[in-house]
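The structure under discussion appears below in the form of structure tokens.
All of these numbers come straight from a predicted model, not from anything done at the bench. Residue numbers run from 1 in the order of the sequence given.
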Amino acid sequence: MDLVTVRTVRTPSHRDDLALAPGEQPLAGGTWLYSEEQPGLTGLVDLTTLGWPDTERPPGTLRIAATCTIAALLGTAPDAGWRAWPLVGRCANALLASFKVWNAATVGGNVATALPAGAITALLVTLDASALVWTPDGGERRLPVADLVTGPRATALAPGEVIRALDVPESALAAPTGYRRVSLSPHGRTGALVTARWSDTGSVLVVTGATPRPLVLRSPAVPDPAELDARLAAHDDWYDDPHGSPAWRRAVSRRFAAELVAERSAVVRAGGAA
């Protein structure tokens, strides 16, 4: 879609040039930005000209630039011990996008758009990623991705703040994961996505797609199935749109959670680490 209200496009080369004026929005891949009318948008600030490396490796961390495309993330060579890496491909495919979209859509854009079906958000929350946020005063702050998305199209970003990177701890990448997804049609938007990460120090189960914001359930070990089901049954904030009713989304999320726990429990009983 043409953005007919846009009058300026800026291409900053340094952080000092990044300050957003009234009516300006950051541009990365633009796959959502150009998909519908953007009232009040008068200028774009292209983040890709800042030259951020797609990925970096600070000690104990995989840093993913906000401007890293889905294709570039999929093309990253994982370390041998990163058992969680298959979850990257599964969540990318949950977006039901072509390779052309993968070559433009960015990791930071998927998170900042804050759609319930944003599967890259699900990936990062499951891996306990944190967001490095640049503030307009030249500083920075960090917050968990689980707290960054606060609802449909709503985030904890203050005006003028920009996501610089998403940091994933290598300890999370070393853990086995689980994945379940459903939609109302074979090629429909995600109705419910349930992901899990298992480790010796505890487990995390994340529900997205079915909820307005990520629902994160933590347990000190593989959770008791009845207890986990009770927690999901008691949750009362389920998303409602043409891609699924709240009752259906609750039901399939409970089923998926039970399947993932049963799957992991069988591995534990067998003494495996897969």
Indicate if [X] and [Y] have the same hydrophobic cluster label, given that clusters are the connected sets of ILVMFWY residues with side-chain heavy-atom separations under 4.5 angstrom.
X      : Y      : answer
Val88  : Val125 : yes
Val107 : Tyr179 : yes
Val9   : Val162 : no
Leu41  : Leu20  : no
Val45  : Ile163 : no

Find the distance between [atom1] ([X]) and [atom2] ([Y]) and round it off to the nearest 0.5 Å.
X      : Y      : atom1 : atom2 : result
Asp79  : Leu173 : CG    : CG    : 8.5 Å
Asp167 : Ser130 : CG    : OG    : 4.5 Å
Thr195 : Leu260 : OG1   : CG    : 8.5 Å
Leu18  : Ser13  : CG    : OG    : 11.0 Å
Thr121 : Leu115 : OG1   : CG    : 8.5 Å
Leu228 : Leu232 : CG    : CG    : 5.0 Å

Compare all side-chain heavy atoms of [X] with those of [Y] and state whether any distance is below 4.5 angstrom.
X      : Y      : value
Phe256 : Val207 : no
Thr208 : Val206 : yes
Val168 : Trp82  : no
Trp102 : Leu74  : yes
Pro214 : Val149 : yes
Val216 : Arg218 : yes
Thr55  : Leu62  : yes
Pro12  : Leu50  : yes

**Asked** Quick one: does Ser203's side chain have a donor or acceptor within less than 3.5 Å of a partner on Ala221's backbone?
**Response** yes

**Request:** Give me the ring orientation class for His235 and Trp238: parallel if the planes are under 30° apart, tilted from 30 to 60°, perpendicular past 60°.
**Result:** perpendicular

**Message:** Can you confirm whether more than 12 heavy atoms, excluding those of Arg10, are under 6.0 Å from its CZ atom?
**Reply:** yes

**Item:** Asp200 atom CG: more than 12 heavy-atom contacts under 6.0 Å
**Value:** no

Minimum heavy-atom distance [X]-[Y], with the two atoms named:
X      : Y      : result
Pro225 : Val261 : CG-CG1, 4.0 Å
Ile70  : Ala92  : CG2-CB, 3.8 Å
Trp248 : Gly191 : CZ3-CA, 3.9 Å
Asn110 : Ala119 : OD1-N, 3.7 Å
Ala72  : Cys68  : CB-SG, 3.8 Å
Thr155 : Ala114 : CG2-CB, 3.8 Å

**Prompt:** Arg164 and Glu140: salt bridge (charged side-chain N to carboxylate O under 4.0 Å, His left out), yes or no, with the steps?
**Reply:** CA-CA 9 Å; Arg164 163 61 182 88; Glu140 62 184 38; over 6 Å; no

**Request:** Would you check if there is a donor-acceptor pair between the side chains of Thr49 and Thr11 at a distance under 3.5 Å?
**Result:** no

**Message:** I'd like to know if the side chain of Thr190 pairs up with that of Arg181 as donor and acceptor (distance under 3.5 Å, no hydrogens or angles considered).
**Reply:** yes

**Prompt:** Checking salt bridge (charged side-chain N to carboxylate O under 4.0 Å, His left out) for the pair Arg213/Asp237: CA distance, chi angles, key distance, verdict?
**Reply:** CA-CA 9 Å; Arg213 56 167 296 174; Asp237 191 14; over 6 Å; no

**Message:** Could you work out, with side-chain hydrogen bond (donor to acceptor under 3.5 Å, both in side chains) as the rule, every residue matching Arg141, not counting sequence neighbours?
**Reply:** Glu161

**Asked** With Asp241, which residues qualify under side-chain hydrogen bond (donor to acceptor under 3.5 Å, both in side chains), at least two apart?
**Response** Arg249

**Request:** Starting from the C-alpha separation in whole Å, work towards a yes-or-no answer on side-chain contact (heavy atoms from CB on, under 4.5 Å) for Ile120 and Leu95.
**Result:** CA-CA 8 Å; Ile120 301 303; Leu95 298 172; 4.1 Å; yes

**Message:** Walk me through whether Glu24 and Arg7 qualify under salt bridge (charged side-chain N to carboxylate O under 4.0 Å, His left out).
**Reply:** CA-CA 10 Å; Glu24 287 187 328; Arg7 297 292 179 264; over 6 Å; no

Note: [X]-[Y] ion pair, threshold 4.0 Å (strictly below):
X      : Y      : value
Glu259 : Arg254 : no
Arg250 : Asp236 : no
Arg63  : Asp54  : no
Arg197 : Asp128 : yes

**Request:** For the pair Glu170 and Arg57, evaluate side-chain contact (heavy atoms from CB on, under 4.5 Å) and give the outcome as yes or no after the intermediate values.
**Result:** CA-CA 10 Å; Glu170 288 189 346; Arg57 297 291 296 274; 2.7 Å; yes

**Message:** Once salt bridge (Lys or Arg N to Asp or Glu O under 4.0 Å) is applied, do any residues pair with Arg15, and if so which ones, sequence neighbours excluded?
**Reply:** none

**Prompt:** When you look at Leu205 and Val194, which way does the side-chain contact (heavy atoms from CB on, under 4.5 Å) test go after all the steps?
**Reply:** CA-CA 7 Å; Leu205 187 140; Val194 182; 3.7 Å; yes

